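Beneath this line is the structure, given in structure tokens, with notes to follow.
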2 protein chains.
Amino acid sequence: MDREELGKLSLPLIRVRARKVLFREGERLDFVYAVYSGTFKSCLSTADGREQVTDFQMSGDLLGLGGLSHGWHTSSAVALEDAQVHPIPYAALSKLDTAGESDVAQALVRLMSQEIVREQGLLLLLGTMHAEEKLAVFLLNLSACMKARGYSGLEFNLRMSRAEIGSYLGMTLETVSRTFSGFQQERLLEVDKRHIRILDLPRLASRVKSA
Amino acid sequence: MDREELGKLSLPLIRVRARKVLFREGERLDFVYAVYSGTFKSCLSTADGREQVTDFQMSGDLLGLGGLSHGWHTSSAVALEDAQVHPIPYAALSKLDTAGESDVAQALVRLMSQEIVREQGLLLLLGTMHAEEKLAVFLLNLSACMKARGYSGLEFNLRMSRAEIGSYLGMTLETVSRTFSGFQQERLLEVDKRHIRILDLPRLASRVKSA
DNA sequence: CGGAAGATTGAGCGTAGTCAAACCGAGTGG
DNA sequence: CCACTCGGTTTGACTACGCTCAATCTTCCG
């Protein structure tokens, strides 16, 4: 069993009282935790106070995996009742990765951790945002993505249909279309089918209330 | 860079035509892919045909990470335009993990992969389901989870508040409460605050249209 | 006993879903 | 060359699911 493999690393067992925060989003990641008893919730929060619970963990589950790529916690963990956890030192894990002759395993762990974080962002979007905010986030991400690849971040062609955007953002294609039109009305964008030009990036960004 | 590390493994570069399916949910995972050019969508689908796009991938992104825990693809990947990808043999990755003296890295990869899959399930729930279906999924998962830990799968106490359930499922606490009451009205459950007794598991399961 | 936190229920409203029609551009075949 | 189809997009009208606000009730705890 996986749990037992990891269990060998972690001798200590610490108690966590109900309602206590085991770690908080943004803190340095010194340990990953394996739940031994009790129940936790993992959650993300936005700047304006909305909260998205991303998981409930029970015995055998691991806490904090999202942070392995960069060494910072990407979510908070709170005990829902008195609980016990095994702390697993981050150092031990990174050492074990680096010790092996393969940097590949290490790279893989990092990439998978990034994927977890990315999906968490999408959970927050799907769970807490409205149509306008969702589409704004989508466009800003895409803009950053294009820019990072050397293209203009302000003018580009979408590769996906309205239906695909809608599926991604948890809304119908009609609502995607309407929201595009709304943004255009407000002079935030120019939209022509799949061609997008962002006219006012700061104001578009201000539509996003989250962190 | 991570990508270059992985790049060393993957000599070939294959072309994928627009609209072509690179791999499909449920197929055996022989390769993970690194996108070299073009754009892909990754998606999950339900039994009744709903589709949830979980990501759009561009150059440098990896495709198929969710399947690493058990060797089956957990999502489908479709090219949105003509594209090129580096196939990375699954065998190479698992060998590299197992070769090292640490089974820990291997266990870690497996656990992280499971976490990715779990989050994908939640994406599908948040993106495509209605209140009743969401709560039914939640209860069924919880039931399975309790059962797996040796408790009764049909009668248990919730550890979390209505608000926390609501946050998890992307609905308000009031809607959670009303939906519980609705289920009780229909004789699917007995609910008393946090105590739940499932009266008709099959009928509850039939409320869930997804895979 | 009083206060606080959680749960339930009701009433009204609003956002986004559904259904439908019209439009547009690309590709195909007569 | 034009007519036709087809997929994708836009827009409109209507509807409904779930959100908001609010009141009530219970349980727990000081």
Side-chain angles (χ1 to χ4, degrees), chain A residues 17-19 41 48-53 78 80-82 125-139 157-186 189-196 207 209, chain B residues 17-19 39 41 48-53 78 80-82 125-139 157-186 189-197 207 209:
Chain A
R17 290 244 167 268
R19 323 244 90 214
K41 66 169 175 180
D48 63 330
R50 282 173 292 179
E51 173 176 297
Q52 173 69 35
V53 173
V78 181
L80 297 179
E81 57 185 333
D82 289 354
L125 181 145
L126 289 171
T128 72
M129 295 184 190
H130 283 211
E132 285 205 350
E133 199 172 4
K134 285 177 176 180
L135 193 63
V137 168
F138 174 70
L139 290 169
N157 284 300
L158 300 173
R159 300 293 142 84
M160 62 293 284
S161 69
R162 298 290 186 262
E164 285 160 340
I165 296 172
S167 169
Y168 183 58
L169 300 177
M171 53 207 259
T172 59
L173 67 97
E174 292 95 329
T175 302
V176 173
S177 182
R178 273 185 251 274
T179 309
F180 267 129
S181 300
F183 282 166
Q184 187 163 28
Q185 216 84 47
E186 301 180 58
L189 307 173
E190 277 177 15
V191 189
D192 179 43
K193 308 287 171 203
R194 297 197 176 185
H195 185 83
I196 303 289
R207 290 306 185 84
K209 311 279 188 264
Chain B
R17 291 244 167 267
R19 323 244 91 214
T39 313
K41 66 169 176 180
D48 63 331
R50 282 173 293 180
E51 173 175 301
Q52 173 69 35
V53 174
V78 181
L80 298 179
E81 57 185 332
D82 288 354
L125 180 144
L126 288 171
T128 72
M129 296 185 189
H130 284 216
E132 285 205 350
E133 199 172 5
K134 285 176 176 180
L135 193 63
V137 168
F138 174 70
L139 289 168
N157 284 300
L158 300 173
R159 299 292 141 85
M160 62 293 285
S161 69
R162 298 290 186 262
E164 285 161 341
I165 296 172
S167 168
Y168 183 59
L169 300 177
M171 52 206 260
T172 59
L173 67 97
E174 291 95 330
T175 302
V176 173
S177 183
R178 273 185 251 274
T179 308
F180 267 129
S181 299
F183 282 166
Q184 187 164 28
Q185 216 84 45
E186 301 180 58
L189 308 172
E190 277 176 15
V191 189
D192 180 43
K193 308 287 172 202
R194 298 196 177 185
H195 184 83
I196 303 290
R197 178 189 298 180
R207 290 306 185 87
K209 311 282 188 261

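Below, chains carry the letters A, B, ... as their sequence lines are ordered, and counting in each starts from 1. Everything numeric in this text was worked out from a predicted model, so none of it was measured.
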Distance-only donor-acceptor test (3.5 Å): side chain A:Arg178, base C:dT18: yes
Below 4.0 Å: OP1/OP2 of D:dT10 and any side-chain N or O of A:Ser177: yes
Upstream residue (5' side of DNA chain D) when A:His130 and A:Val191 are each assigned their closest nucleotide: A:Val191
Separation of atom CG in A:Asn157 from atom C1' in D:dT9, rounded to whole Å: 15 Å
Closest to side chain of A:Arg19, choosing from C:dA16, C:dT8, C:dG6: C:dG6
Short side-chain N/O contact from A:Arg194 to OP1 or OP2 of D:dG8, under 4.0 Å: no
Rounded distance in Å - CZ (A:Arg50) to P (D:dT20): 10 Å
D:dC17 phosphate, OP1 or OP2, under 4.0 Å from B:Thr175 side-chain N/O: no
Least distance between heavy atoms, B:Glu81 atom then A:Arg159 atom: OE2-NH1, 3.0 Å
Nearest-Å distance for atom pair CD/C1', residues B:Glu132 and D:dA16: 14 Å
Quiz item: A:Glu174 side-chain donor-acceptor pair to C:dC19 base, under 3.5 Å: yes
Whole-Å distance separating the CE atom of B:Met171 from the P atom of C:dT8: 12 Å
Touch class at under 4.0 angstrom, heavy-atom based, for A:Gly182 against every strand present: nothing
Rounded interatomic separation in angstrom, taking CZ from B:Phe180 and C1' from D:dG18: 17 Å
Whole-Å gap separating P (D:dG7) and CD (A:Glu164): 14 Å
4.5 Å side-chain heavy-atom contact, A:Gln52 and B:Leu126: yes
Student check: side-chain heavy atoms of B:Phe180 and B:Leu189 closer than 4.5 Å: yes
Residue A:Ser161, side-chain heavy atoms: nucleotide from D:dT11, C:dT8, D:dG8 that is nearest: D:dG8
side-chain N/O B:Thr172 vs D:dG18 OP1/OP2, d < 4.0 Å: no
Spacing of B:Leu158 atom CG relative to D:dT27 atom P, expressed in whole Å: 17 Å
Nearest-angstrom distance from the residue atom CD of A:Gln185 to C1' of D:dT11: 12 Å
Side-chain heavy atoms of B:Ile165 within contact of A:Val53, under 4.5 Å: no
Atom pair CG (B:Asp192) and CD (B:Gln184), whose distance is rounded to the nearest 0.5 Å: 8.0 Å
